[in-house]
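The next block holds one structure in the form of C-alpha cells; read it before the comments.
Only a predicted model underlies this, so the values are computations on that prediction, with no experimental measurement involved.
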Amino acid sequence: MIYDICIIGGGPGGYSAAIRGAQLGAKVALVEKESLGGTCLNHGCVPTKNLYSASEVLRSLSEADRFGIKAGAVSFDFAEMMQKKNEVVAHLAGGLQKLFKDYKIDIFKGKGSIEESGGDVGKVRVDSPSGSSFVEAENIIIATGSEAADIPPLRIDGMKALGNRDVLSLGELPDSLIIVGGGVIGCEFANILARMGVKVSLIEALDKILPHAEREISRLIRKRFEERGIKIITGSPIVDAELKGSGVSIKLADGTELFAEKALMAIGRRLNSFGLNLEEAGIEMDGTAIKVNGKMETSSKGVYAIGDVVGKMPLAHVAAREGIVAASNAMGKEEQMDYSAVPMAIYVHPEVASVGRGEEALKAASVDYRVGRFPYLANGKAVAMREEDGFVKVLTSVVDDKVLGVHIMGAHASDLIAEAALAMKMGCTTRDISDTVHAHPTLSEALLEAWEDTEGMAIHKMGKRII
C-alpha cells in the first residue's frame with residue numbers, strides 16, 4: 001500500500017498531523033517507537049500538570065485558614081498520587097488510540113528513518129525488535145521531537161542524576177534534590193516537589209531564573225520560591241560534580257558546594273534529528289535542527305518536519321499547529337505557519353503566562369510602547385478566591401495601539417492568556433478590548449483593566465486621572 005502521508009513520531013505534532021491528514025481524506029500511517037502521545041502526554045506536559053494540580057491541593061489545604069477552615073495537619077500518599085497520575089495518562093492515551101481507530105490511521109511500532117525521498121513516492125524504514133519493514137508514502141512528516149539534555153559532569157543515569165522521565169516514575173520522594181537549570185522545566189519541578197516536602201536547591205548559570213520571562217516576573221517568582229524554602233543560586237555555572245553512593249555533590253564557579261540525595265537535569269532539550277538518514281535524503285540542516293519553510297517543507301520534495309526537531313519554539317501546542325500546517329499542505333491546501341502570537345504558560349505558583357514581546361525586547365528594538373498594569377489585589381474574583389498575588393501587564397504600540405505583548409502572573413494565567421493571544425492574532429486595539437463586555441466577577445476583568453490602564457482609564461486601579 002502507498003499511503004498519502006507517513007509520519008515519523010507520535011507526539012502532539014505527529015498525532016495532530018495524522019488526524020488532520022485523515023480529516024482531509026488522506027490514508028495515513030504513523031511510526032512510533034514508544035507510546036502514542038510522545039513526551040508531552042506520557043513523560044511531560046500532562047503528568048507534570050497532574051502533579052502540579054495535586055501540589056495546588058496541598059497548598060490550598062495548608063492555607064485553608066485563609067477561609068476560616070481548620071484543616072489540621074496535611075499528609076499525602078506519594079505512591080497513590082503517582083498512580084492517579086498514571087491513570088490520567090492512561091485515560092488520555094486511550095482516547096488518542098480511539099481517535100486513531102476512528103480515523104483508520106495505521107500505527108507501525110518501531111524506530112522510523114527515511115529510506116528514500118525526493119521522488120513521487122518516499123519510503124520510511126521501520127526498525128523494531130521483530131525486524132525491519134518499510135512504509136511507502138507520497139508525503140513524509142518528521143516529528144521526532146527532543147529529549148532531555150545533560151552535561152559532562154552530570155550524565156543522566158536514572159538513579160542519582162535524573163531526567164524529567166525519571167522524576168515522573170519515582171517510587172518515593174527524595175529527601176533533597178538539586179535541580180540543574182532554572183528554566184521552565186526546572187522551576188515547574190521545583191514548585192511541585194517543594195510543595196511535597198522535598199528540600200530543593202535550584203541552580204541557574206544565567207543571572208535569573210525563568211530567563212525568557214519578564215524580569216519583574218522572574219524576580220517575584222524567585223522571591224516566592226525562597227519564601228517557601230527553595231534555595232536558588234544564579235549566575236554561577238557548575239565546575240565539578242560527583243555521583244556518590246549517598247547522593248550528588250556539585251561545586252559551582254563561585255565556590256558554593258551543594259549536596260543532595262539526587263539531581264535533576266533541566267538544562268534544556270536535545271533535538272532527536274540523529275539516525276534518520278537526513279543527510280542521505282538531501283535534507284538541509286541548521287546545526288541539529290531541520291531547516292523548513294513557512295509551509296513546514298524541508299529541502300527534499302514531499303518531506304516535511306515539525307515540532308522540536310525544527311528548532312523553532314519547543315512547545316507542544318506549537319508542534320500541534322505545525323503538524324496541522326504540514327498535513328494540510330501535504331494534501332494540497334495552502335497553509336503558512338504563523339509564530340507571531342504564540343502563548344506560553346509556566347505552571348508555578350503563582351502561574352505565569354505570556355504572549356508577544358516583553359519590555360526588554362521592545363526597548364532593544366527601539367519600539368515606542370505604552371504599559372498598562374492591573375493588580376490581582378484589585379480584582380473582585382481574585383480577592384474572593386484569596387488569590388491576590390499577581391498582576392497583568394499589557395504592552396501596546398504608540399503608533400497604532402495594537403497589542404505588542406501581554407504578561408500575566410497570577411491564578412489561572414495559563415487560561416487567561418488565550419484572550420490576549422487572540423487579541424494579538426486579530427490585531428485588536430485598546431478600544432476593541434475595552435468595548436468588549438467582560439463578565440463579573442471574573443479574573444478576565446484584570447485583563448480588561450490592564451488594557452484600559454494603557455490610557456490611564458482603568459476603573460478599579462488606585463490613582464485618579466481626569467481628562
Side-chain angles (χ1 to χ4, degrees), residues 4-26 28 30 32 36-42 44-46 48-49 92 95-96 99-100 103 105 139-146 184 212 269 271-273 286 289-298 302-347 353-357 403 405-406 413-428:
D4 295 297
I5 302 173
C6 179
I7 300 156
I8 306 174
Y15 76 67
S16 296
I19 292 172
R20 179 51 51 91
Q23 289 171 336
L24 294 173
V28 180
L30 184 140
E32 171 55 54
L36 197 58
T39 296
C40 179
L41 173 55
N42 298 285
C45 314
V46 170
T48 55
K49 299 318 163 282
L92 293 172
L96 202 50
L99 281 170
F100 268 53
Y103 281 110
I105 299 167
N139 299 279
I140 299 170
I141 300 176
I142 302 169
T144 47
S146 64
V184 174
H212 300 296
R269 307 284 294 176
L271 308 188
N272 289 331
S273 58
D286 183 6
I290 299 174
K291 291 181 69 173
V292 293
N293 60 19
K295 298 172 73 173
M296 310 312 298
E297 296 171 320
T298 71
V303 180
Y304 300 77
I306 62 173
D308 289 8
V309 78
V310 303
K312 303 274 187 192
M313 302 178 77
L315 299 167
H317 45 285
V318 171
R321 179 58 192 166
E322 290 171 340
I324 289 169
V325 169
S328 298
N329 286 312
M331 291 304 292
K333 306 293 183 181
E334 286 292 329
E335 292 274 2
Q336 290 282 332
M337 185 62 198
D338 180 7
Y339 298 98
S340 64
V342 174
M344 68 170 295
I346 306 172
Y347 292 85
S354 65
V355 64
R357 289 180 285 178
V403 188
V406 177
S414 59
D415 302 308
L416 294 173
I417 202 64
E419 177 181 322
L422 180 61
M424 277 197 75
K425 178 73 174 177
M426 301 304 296
C428 293

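For the atom pair Ile142 CD1 and Asn272 CG, the distance stands at 12.0 Å (nearest 0.5 Å). Rounding to the nearest 0.5 Å gives a distance of 7.0 Å between CG of Leu41 and OH of Tyr15. Between Ile306 atom CD1 and Ile290 atom CD1 the span is 10.0 Å, to the nearest 0.5 Å. Atom CG in Asn139 sits 8.0 Å away from atom CE in Met331 (nearest 0.5 Å). If you take CG on Asn293 and CE on Met337, they are separated by 13.0 Å, rounding to the nearest 0.5 Å. Here the CG-SG distance, from Leu30 to Cys6, works out to 7.5 Å after rounding to the nearest 0.5 Å.
Between the side chain of Thr298 and the main chain of Ala305, no donor-acceptor pair closer than 3.5 Å is present. Side-chain N or O atoms of His317 include one that pairs as donor or acceptor with a backbone N or O of Pro343 at under 3.5 Å. In this structure, Asp308 contributes its side chain and Thr144 its backbone to no donor-acceptor pair below 3.5 Å.
In this structure the side chain of Tyr103 never reaches within 4.5 angstrom of the side chain of Val28, judged on heavy atoms. For the pair Glu322/Val292, no side-chain contact is recorded, criterion being any heavy-atom separation below 4.5 Å from C-beta on. Taking the side chain as every heavy atom from C-beta outward, Lys425 and Asp338 approach each other to under 4.5 Å. Met344 is not listed as a side-chain neighbour of Met313, based on a closest heavy-atom distance of 4.5 Å or more. Val406 has its side chain out of reach of Met424: every pair of non-hydrogen atoms, C-beta onward, lies at least 4.5 Å apart. No side-chain heavy atom of Val342 sits under 4.5 Å from any side-chain heavy atom of Arg321. Within the 4.5 Å cutoff, no side-chain heavy atoms of Tyr347 are placed close to those of Thr48. No side-chain heavy atom of Val403 sits less than 4.5 Å from a side-chain heavy atom of Val355.
Across Ala18 and Phe100, no two heavy atoms sit closer than the pair CB-CZ, 3.8 Å. Contact detail for Ser273 and Val309: the closest heavy-atom pair is CB-CG2, 3.8 Å. Minimum heavy-atom separation, Met296 to Val325: CG-CG1, 3.9 Å. What you find for Glu297 and Tyr304 is that their closest heavy atoms are CG-CE2, 3.4 Å. Between Gly307 and Ala319, the closest heavy-atom pair is CA-CB, 3.6 Å. Contact detail for Ala327 and Gly21: the closest heavy-atom pair is CB-N, 3.9 Å.
Under the side-chain hydrogen bond (donor to acceptor under 3.5 Å, both in side chains) criterion, Lys291 pairs with no residue, sequence neighbours left out. Every residue two or more places apart in sequence or in another chain that forms a side chain to side chain contact (heavy atoms under 4.5 Å, CB included) with Ser328 is listed here: Arg20, Leu24, Ile324, Lys333, Glu335.
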I'd like to know whether Ile7 forms a side-chain contact (heavy atoms from CB on, under 4.5 Å) with Ile105, so could you lay out the CA-CA distance, the side-chain angles of the two residues, the decisive distance to 0.1 Å, and finally the verdict. CA-CA 11 Å; Ile7 300 156; Ile105 299 167; over 6 Å; no

